[in-house]
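See structure below.
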Amino acid sequence: MRIGEIAALVGVTSRAVRHYHHIGLLPEPARRANGYRAYTVRDAVLLARIRRLTEIGLSLDEVRDVLADDAGRELVEVLGELDADLARQEREIRERREVLAALLEAPPTSDGPLSPALAALLESAAVTGSPAAAKDREHLALLDAAGGGAGAELYAALRPLAEDPGVGALYERLDELAGAGVDDPRIAPLAAELVAAVPDEVLAVIPDGEPSSTGFGRVLLEDYPPAQREVVRRVMEALAVRVRATRGRTV
């Protein structure tokens with residue numbers, strides 16, 4: 001294969017391939033007598049690996065470290081991993097299309113567009129005029145739209161919590177902290193009760209690394225006034241500890 005062919009096969013530009021050669025990330029293959037580089041299947045697999053690793057957010061230096069670990073693996077093993085990754089992407093695309101089809105058939109809502117699973121969760125929740133509860137709905141809708149690791153499994157696990165009448169009282173107590181300071185004595189007990197209210201079934205389907213005060217979690221925290229933000233921050237930290245404990249990790 002020539003550079004244009006391998007670039008098209010993997011889905012990158014020829015310029016990107018040349019850049020990877022320049023920084024030593026992708027070894028430059030031998031040239032034929034006519035001066036053109038001759039790329040092999042192994043080169044294509046390596047280039048596909050680079051593309052995938054950069055797509056998930058790794059820096060080029062981090063990609064280099066991963067590739068160094070891959071160097072001793074058999075080609076069939078790397079190909080198998082790439083095939084599994086493609087299968088995962090196909091599954092995600094199929095699920096997104098199913099959600100899109102359902103959205104196209106469903107009437108518009110004030111919260112929408114929502115996935116069918118989230119719509120069912122919100123429909124099952126007790127009616128409340130709590131501003132904090134309304135904010136939670138907004139955050140779930142944002143998470144749903146952004147695809148931040150949420151899904152039907154998580155929404156199903158949250159349903160008993162949404163239907164629990166006692167949760168309304170917790171929302172009301174959170175509402176009462178809207179104008180309070182971060183040293184308010186009501187913060188700690190409320191955070192503890194909110195953490196205790198979350199069932200283990202929810203923890204089991206929370207993605208690894210969550211809840212976190214970075215990324216989406218940071219955006220969520222910034223949406224609250226000081227005292228409420230402190231409550232939510234404590235809840236996120238405590239739930240992260242519970243998640244790690246359920247999965248046998250201490251760090």
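Computed from a predicted model, the values in this text were never measured in an experiment.
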For His19, which residues count as a ring pair (Phe, Tyr, Trp, His ring centres under 6.0 Å) partner, sequence neighbours excluded? none
Determine whether more than 12 heavy atoms belonging to other residues, nucleotides or ligands lie under 6.0 Å from atom CZ of Arg15. no
For Ser14 and Ile3, which heavy atoms make the closest approach, and how far apart are they? O-CD1, 3.8 Å
Same apolar cluster (I L V M F W Y, side chains within < 4.5 Å links), Tyr36/Val17: no
Counting only heavy atoms not in Glu153, do more than 12 fall under 6.0 Å of its CD? no
Check the hydrophobic clustering (I, L, V, M, F, W, Y; side-chain heavy atoms under 4.5 Å; chains of links allowed) and say if Leu9 and Leu25 are grouped together. yes
Atom pair CD (Glu55) and CD1 (Ile50), whose distance is rounded to the nearest 0.5 Å: 12.0 Å
Any heavy-atom pair between the side chains of Leu194 and Leu190 that's under 4.5 Å? yes
Working to the nearest 0.5 angstrom, can you tell me the gap between Tyr20 OH and Thr54 OG1? 4.5 Å
Kindly check if the number of other-residue, nucleotide or ligand heavy atoms within 6.0 Å of CD (Glu222) is above 12? yes
With rounding to the nearest 0.5 angstrom, report the CG to CZ distance, Leu203 to Arg244. 12.0 Å
Between Tyr155 and Leu121, what is the shortest heavy-atom contact and its length? O-CD1, 3.6 Å
For Leu161 and Ala197, the nearest pair of non-hydrogen atoms, with its separation, is CD1-O, 3.2 Å
Heavy-atom side-chain contact between Arg52 and Arg49 under 4.5 Å: no
Tightest non-hydrogen contact, residues Ala191 and Val231, listed as CB-O, 4.0 Å
Shortest non-hydrogen contact from Gly181 to Ala227? O-CB, 3.5 Å
Tell me whether Val66 is reachable from Leu47 by hopping between hydrophobic residues (I, L, V, M, F, W, Y) whose side-chain heavy atoms are closer than 4.5 Å. yes
Solution key, residues 169-180 side-chain donor-acceptor pairs under 3.5 Å, sequence neighbours excluded:
unit_1, atom_1, unit_2, atom_2, d
Tyr171, OH, Asp136, OD2, 2.4
Arg173, NH1, Glu193, OE1, 2.9
Arg173, NH1, Glu193, OE2, 3.1
Arg173, NH2, Glu193, OE2, 3.1
Asp175, OD1, Ser130, OG, 3.3
Asp175, OD1, Ala132, N, 2.9
Asp175, OD2, Ser130, OG, 2.7

State, to 0.1 Å, how close Arg2 and Tyr39 come at their nearest heavy-atom pair, and which atoms those are. C-CD1, 3.7 Å
At what distance, to the nearest 0.5 angstrom, does CD of Gln228 lie from CD1 of Ile187? 9.5 Å
I need the Ser59 OG to Asp65 CG distance, nearest 0.5 Å. 8.0 Å
When hydrophobic residues are tied together by side-chain contacts of less than 4.5 Å, even through go-betweens, does Leu67 share a cluster with Leu60? yes
Going by the rule side-chain contact (heavy atoms from CB on, under 4.5 Å), which residues pair with Val195 if we only count those two or more places apart in sequence or in a different chain? Val235, Ala238, Leu239, Arg242
Would you indicate whether the side-chain heavy atoms of Ile6 and Arg37 approach each other to under 4.5 Å? no
Residue pair Asp43, Met1: steps toward the side chain to side chain contact (heavy atoms under 4.5 Å, CB included) verdict: CA-CA 10 Å; Asp43 295 320; Met1 287 181 287; over 6 Å; no
With the threshold set at 4.0 Å, does a side-chain nitrogen-carboxylate oxygen contact exist between Glu230 and Arg233? yes
